[in-house]
K.L.:
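So that we are looking at the same thing, I have put the structure below in structure tokens.
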Amino acid sequence: MAERAKKLVDQFGLPRVIIVGFFLLLVVCAGGFQMNLFQIFSDCIRRWGMYGILALAMVPAIQCGIGPNFGITMGIVGGLLGGLIVIEYRVAENASLISMGGPLFAQWAAVLLAIVIGIVLATGIGWLYGLLLNRVKGSEMTVTTYVGFSIIAFMNIIWTILPFKSGELIFPNAGQGMRNTISLASSFSEVMNKTLALEIGSGENVITIPTGLLAFFLLVCLLVWLFMRSKTGVAMSAAGANPTFARASGINVNRMRLIGTTLSTVLAAVGILVYAQGFGFMQLYNGPMMMGFTSVAAVLIGGASPNRARISHVLIGTFLFQGIMALGLPVANQFIPESNLSEVMRLIISNGIIIYSLTQVQGGGSRG
């Protein structure tokens, strides 16, 4: 019996056993403190949809052979620029003037245009990023981490000199320089969350299902799943799993790595806009700095490794990771009022899982 239990733990992974146990412990503690579990679960579901696409960006990166992409902040920058352009030209207001669809149509028009612009920018950025990674095979994780932090530092300068003029974007009375936090109230704040939202229950015992948000997240997951099963997707996975065999089969390994890196960067651009609309604001400067680490941690918690990732790993890992984040703060505040334990737990969980998972494989970088 003990051997069977040990075998199951080894197969499932000790970190995931600990994370699932910790999540269940937080649920029990929240119930013991008579907290509103319906509201907390609603927040878990909302955060699952908001963060999911950012974690999904890890799948093509891992499958193509570059490993966990800590440099998704390059794609995030493209997505943020798409959102800023939409706000600058007041797309939501203009769409409401020319459409009979009403405010909801205008908000969807704004967020979809921001996504399209972000995808275009992220495609170019991702292609150049992929060319760089093709020149540093074997050191991808080091390079992606360095690039991820470097792009944030570089953009901290760029945000101060971009020629935007909207009062919603620039510092008041300065005439130049982007605000730290950009409100999306006049553009596409919570448009996905509110679309076809369902409320299950009554009174205070209500679970809110952000149907539009989850539908968009699952749609993107489906598109990635279909791509991974296409001829190009299978070739990309083969190139990542065994580059030598892939070359012998006539697969251009460098090209497959370029496609995977570009797709990962594009998904990051889409993901940051989905995340931003859910919170109702965009954060510039150092705001996106650690998003690569939390995305990597989420997909590893779900069962992925630096050499293999699936859509199921994204779905499970994102829910567990964000569920712990949603439960951690209110439960920690019950034990120690006005504490900052939730941030400590986030750092321990994300960094601890990354370190453990990377030590389970030899050579966490390229597979050839």
Side-chain angles (χ1 to χ4, degrees), residues 46 49-51 53-54 57 72-126 148 150-195 210 212-213 216 265-291:
R46 179 180 65 91
M50 286 169 50
Y51 284 86
I53 298 177
L54 287 169
I72 62 168
T73 43
M74 301 191 74
I76 287 174
V77 167
L80 291 174
L81 285 169
L84 295 175
I85 292 170
V86 163
I87 296 173
E88 173 75 7
Y89 292 99
R90 311 185 76 84
V91 169
E93 292 182 14
N94 293 332
S96 65
L97 291 175
I98 63 175
S99 169
M100 300 299 292
L104 188 61
F105 173 90
Q107 289 181 317
W108 271 103
V111 72
L112 292 177
L113 180 58
I115 288 173
V116 169
I117 296 171
I119 288 174
V120 172
L121 294 173
T123 299
I125 295 171
S150 296
I151 192 66
I152 294 298
F154 174 73
M155 290 307 298
N156 281 345
I157 300 173
I158 299 301
W159 297 132
T160 64
I161 61 176
L162 287 176
F164 288 106
K165 301 298 180 183
S166 172
E168 297 179 59
L169 301 179
I170 62 175
F171 285 112
N173 303 322
Q176 190 173 349
M178 310 299 292
R179 296 172 183 256
N180 293 307
T181 302
I182 308 296
S183 173
L184 301 178
S186 65
S187 50
F188 49 85
S189 176
E190 295 188 281
V191 58
M192 295 183 184
N193 301 49
K194 294 176 181 177
T195 300
L213 174 64
F216 188 86
T265 307
V266 166
L267 287 172
V270 177
I272 191 60
L273 289 168
V274 174
Y275 167 87
Q277 67 80 34
F279 271 129
F281 58 84
M282 293 191 300
Q283 288 184 306
L284 307 182
Y285 298 94
N286 290 332
M289 180 175 288
M290 299 303 296
M291 285 186 171

K.L.:
Return the set of residues passing side-chain contact (heavy atoms from CB on, under 4.5 Å) with Ile157 (not counting sequence neighbours), or none when no residue passes.
P.N.:
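Once residues adjacent in sequence are excluded, Ile157 has no partner under the side-chain contact (heavy atoms from CB on, under 4.5 Å) criterion.
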K.L.:
Would you check, one step at a time, whether the test side chain to side chain contact (heavy atoms under 4.5 Å, CB included) holds for Leu162 with Trp159?
P.N.:
CA-CA 6 Å; Leu162 287 176; Trp159 297 132; 3.5 Å; yes
K.L.:
Which value, rounded to the nearest 0.5 Å, describes the distance between Arg179 atom CZ and Ser166 atom OG?
P.N.:
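If we round to the nearest 0.5 Å, Arg179:CZ and Ser166:OG are 8.5 Å apart.
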K.L.:
Locate the shortest heavy-atom distance separating Ala110 from Ser187; write the atom from each residue and the value.
P.N.:
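Closest approach of Ala110 to Ser187: CB-O, 4.3 Å.
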K.L.:
Do Leu113 and Phe188 come close enough that some side-chain heavy atom pair is under 4.5 Å?
P.N.:
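Not in contact.
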K.L.:
Considering residues at least two apart in sequence or located in another chain, which fulfil the side-chain contact (heavy atoms from CB on, under 4.5 Å) criterion with Ala269?
P.N.:
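Testing Ala269 for side-chain contact (heavy atoms from CB on, under 4.5 Å), a comparison that skips the adjacent residues, returns Ala122.
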K.L.:
To the closest 0.5 Å, what do you measure between OG1 (Thr265) and CG (Leu121)?
P.N.:
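If I round to the nearest 0.5 Å, the distance is 12.0 Å.
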K.L.:
To the nearest 0.5 Å, what is the distance between CD on Glu168 and CD1 on Ile182?
P.N.:
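Reported value, rounded in 0.5 Å steps: 8.5 Å.
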K.L.:
Please examine the side chains of Ile87 and Phe164, heavy atoms only from C-beta on, and report whether any two atoms are closer than 4.5 Å.
P.N.:
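No, side chains not in contact.
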K.L.:
As an exercise, state the distance from CD1 of Ile115 to CD1 of Ile117, rounded to the nearest 0.5 Å.
P.N.:
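One finds 11.0 Å between CD1 of Ile115 and CD1 of Ile117.
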K.L.:
How would you list, by chain and number, every residue that makes a salt bridge (Lys or Arg N to Asp or Glu O under 4.0 Å) with Arg46, sequence neighbours excluded?
P.N.:
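Residues passing salt bridge (Lys or Arg N to Asp or Glu O under 4.0 Å) with Arg46: Asp43.
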K.L.:
Does a side-chain heavy-atom distance below 4.5 Å link Ile76 with Leu80?
P.N.:
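Yes, close enough: below the 4.5 Å cut-off.
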K.L.:
Please enumerate all residues that pass side-chain contact (heavy atoms from CB on, under 4.5 Å) together with Ile151, with sequence neighbours excluded.
P.N.:
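Thr73, Met74, Val77, Phe154, Met155.
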K.L.:
Run the side-chain contact (heavy atoms from CB on, under 4.5 Å) test against Thr123 and tell me which residues pass, sequence neighbours left out.
P.N.:
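If we apply the side-chain contact (heavy atoms from CB on, under 4.5 Å) test to Thr123, skipping adjacent residues, the hits are Ile119, Thr262, Val266.
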K.L.:
For residues Met291 and Ile72, report the shortest heavy-atom separation together with the two atoms involved.
P.N.:
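Distance-wise, the nearest heavy atoms are O-CD1, 4.1 Å.
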K.L.:
Starting at CE of Met50, measure out to CG of Leu54 and round the result to the nearest 0.5 Å.
P.N.:
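The CG atom of Leu54 is 9.5 Å from CE of Met50, to the nearest 0.5 Å.
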K.L.:
Working to the nearest 0.5 Å, report the span between CD1 of Ile158 and CG of Leu81.
P.N.:
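The CG atom of Leu81 is 9.5 Å from CD1 of Ile158, to the nearest 0.5 Å.
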K.L.:
State which residues pass side chain to side chain donor-acceptor pair (under 3.5 Å) with Thr195; sequence neighbours excluded, sorted by chain then number.
P.N.:
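Trp108.
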K.L.:
Counting only pairs under 3.5 Å, give me each side-chain donor-acceptor contact of residues 275-286, with atom names and distances, residues two or more places apart or in other chains.
P.N.:
residue, atom, partner, partner atom, Å
Gln277, OE1, Val191, N, 3.2
Gln277, OE1, Met192, N, 3.1
Gln277, NE2, Asn193, OD1, 2.9
Gln277, NE2, Val274, O, 3.0
Tyr285, OH, Met178, O, 2.7
Asn286, OD1, Asn156, ND2, 3.0

